[in-house]
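Every heavy atom of this structure was used, including side-chain atoms; hydrogens, water molecules and symmetry mates were not.
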Amino acid sequence: MSDDDNSPISTREARQLFAGLKSAPALVLAVSGGPDSVALMWLAARWQRSLARGPRLTVVTIDHGLRREAAREAREVKRLATELGLPHRTLRWRGAKPTTGLPAAAREARYRLLAQAARAVGASHVLTAHTRDDQAETLLMRLLRGSGLAGLSAMASLSERDGIVLARPLLEVPKSQLIATLRRAKVGFADDPTNRDTAFTRPRLRALLPLLAAEGGDARTLVRLAARLARANAAVELLADGAERFLRLRDRGDAPQAGVRSFEAAAFAVLPEEVRLRLLLRAINALGHEGPAELGKVESLLAVLDQVIAASPRAGANGRPALRQTLAGALISLAGGRIHIAPAPARRRKGG
């Protein structure tokens, strides 16, 4: 991309942004009507027209039912999509809305509806318009929440959700370049006031970015940090993969129990702490039935395991569990010198 954050994106640069998607059968473009997503639609349409045989594009707008202006903005997106020769659908988030955690709930609903739309049109990917600015804000949000290395890697350019690949082709592009691109093309876009509503965390952090930039922490620097953390996270993931193989080799000859993950406690204890955490997280998330485990709770669980194993390497050798705890719908126990992770029994309903 151009070093000038205020220069329009050229045709050649647009081709580079979408080059990896050329062989996809069909793509869904998530377009809300704001400058970032309108630029995504305009750039993708121009890229598709330059190909002899490119992916089919479908534009999808999600109306969360939270703002009166949303329906009008969806109609405007449909008008522009039609001018570009692209089919358009508006999907609505129906039902009661939560009184707390609204941004997170809206995000979950948006991705669920987008995945449904992708399956309906045979699309392999959903394209979102996350920018370099969004990446910097995401890093700051996760930093303030005390996220681990994986969380601080921020957003990936490609990820999977509900069997659909989420692609973020604009993740290294500043928002200012997208606005410059639309202005040169004389393409209008909507202004969502919630992006400035300081009742929400992201707009408050957005307002701080100019101050951070003055101290050298601009979006470019923050995104570079996220990329470096992602690189380190990938290396640790490889170590965790190797540790899993090592522990399985230790169990050669022992038939694994269906629906249970089990580690030799003494061998587990000598692994690096970050690797032990990841092995527990993987097992709990795979076998639990109450959503992803919180990192802080898994850290507390590991501390207890370490204490029990250090006090007695053969803890629970008599068959009676030296530790038994549930977390995120998984049951973790230490018995017979082994750590076992299995689905926890369903909780009894009150009054049942």
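- For the atom pair Asp134 CG and Arg206 CZ, the distance stands at 7.0 Å (nearest 0.5 Å).
- Within the model, atoms CG of Leu178 and CZ of Phe189 stand 10.0 Å from one another, a figure rounded to the nearest 0.5 Å.
- Note that CZ of Arg278 is 10.0 Å distant from CG of Asp241, once rounded to the nearest 0.5 Å.
- Phe263 and Phe268 have parallel rings, their planes meeting at less than 30° on a 0 to 90° scale where 60° marks the start of perpendicular.
- For Glu160, the CD atom is densely surrounded, since the number of other residues' heavy atoms within 6.0 Å is greater than 12.
- More than 12 heavy atoms of other residues, nucleotides or ligands sit less than 6.0 Å from atom CZ of Arg49.
- Here the closest heavy-atom approach between residue Ala45 and residue Leu86 is recorded as CB-CD1, 3.9 Å.
- For the pair Leu171 and Gln135, the tightest heavy-atom approach, listed with the atom from each and the gap, is CD2-NE2, 3.7 Å.
- Residues Leu152 and Val236 share a hydrophobic cluster, clusters being chains of Ile/Leu/Val/Met/Phe/Trp/Tyr side chains in contact below 4.5 Å.
- Heavy atoms only, all atoms of each residue included: Ser124 and Ile164 are closest at O-CG2, 3.8 Å.
- The environment of CZ in Arg324 is sparse: at most 12 heavy-atom neighbours from other residues, nucleotides or ligands sit within 6.0 Å.
- Cluster annotation: Val270 and Ile309 are assigned to distinct hydrophobic clusters (Ile/Leu/Val/Met/Phe/Trp/Tyr, side-chain heavy-atom contacts under 4.5 Å, transitive).
- Here the closest heavy-atom approach between residue Leu271 and residue Ala243 is recorded as CD1-CB, 4.0 Å.
- Taking all atoms of both residues into account, the shortest heavy-atom contact from Ala293 to Leu281 is O-CD2, 3.9 Å.
- Met141 and Leu229 fall within the same hydrophobic cluster, defined by Ile, Leu, Val, Met, Phe, Trp and Tyr side-chain heavy atoms under 4.5 Å apart, directly or through other members.
- Between Glu76 and Arg79 a salt bridge is recorded (basic side-chain N to carboxylate O distance below 4.0 Å).
- Using a 4.5 Å cut-off on side-chain heavy atoms (C-beta onward), Leu21 and Trp47 make contact.
- Taking CG of Leu29 as the start and OG1 of Thr128 as the end, the distance is 10.5 Å to the nearest 0.5 Å.
- Using a 4.5 Å heavy-atom cutoff, the side chains of Val126 and Val60 are not in contact.
- With Arg142 contributing its side chain and Ser147 its backbone, the two residues share no donor-acceptor pair below 3.5 Å.
- Partners of Thr100 under the side chain to side chain contact (heavy atoms under 4.5 Å, CB included) rule, at least two apart in sequence or in another chain, do not exist in this structure.
- Within the 4.5 Å cutoff, the side chain of Val77 has heavy atoms near those of the His88 side chain.
- Put simply, the side chain of Thr138 never gets that close to the backbone of Ala154: no donor and acceptor are under 3.5 Å apart.
- At a threshold of 4.5 Å between non-hydrogen side-chain atoms, the residues Leu84 and Val59 do not count as touching.
- With hydrogens and angles ignored, the 3.5 Å screen pairs a side-chain donor or acceptor of Gln48 with a backbone N or O of Pro55.
- Under the 4.5 Å side-chain heavy-atom criterion for grouping Ile, Leu, Val, Met, Phe, Trp and Tyr, Ile284 is connected to Leu302 within one hydrophobic cluster.
- Side-chain contact between Leu208 and Leu205 is present, with at least one heavy-atom pair separated by less than 4.5 Å.
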- Given Asp251 and Arg248, is the side-chain contact (heavy atoms from CB on, under 4.5 Å) satisfied, shown in steps? CA-CA 5 Å; Asp251 296 336; Arg248 282 198 299 268; 5.7 Å; no
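- Checking side-chain atoms of Arg282 against main-chain N and O of Glu244 turns up no donor-acceptor pair under 3.5 Å.
- Residues Asp36 and Asp133 are not in side-chain contact: their nearest non-hydrogen atoms beyond the backbone lie 4.5 Å or more apart.
- Side-chain atoms of Arg132 do not come within 3.5 Å of backbone N or O of Lys175 as any donor-acceptor pair.
- Side-chain heavy atoms closer than 4.5 Å link hydrophobic residues (I, L, V, M, F, W, Y) into clusters, and following such links, possibly through other members, connects Leu209 to Leu211.
- The main-chain N or O of Ser7 is found under 3.5 Å from a side-chain atom of Gln177 such that the two form a donor-acceptor pair.
- Between Pro8 and Glu13, the shortest heavy-atom contact is O-OE1, 4.0 Å.
- Expressed to the nearest 0.5 Å, how far OG1 of Thr61 lies from CZ of Arg110 amounts to 12.0 Å.
- Within 6.0 Å of the CD atom in Glu294, the count of heavy atoms belonging to other residues, nucleotides or ligands does not exceed 12.
- Atom OG of Ser157 and atom NE2 of His130 lie 13.0 Å apart (nearest 0.5 Å).
- With a 4.5 Å cut-off on side-chain heavy atoms, Phe18 and Lys22 do not count as touching.
- No side-chain heavy atom of Leu114 sits less than 4.5 Å from a side-chain heavy atom of Arg161.
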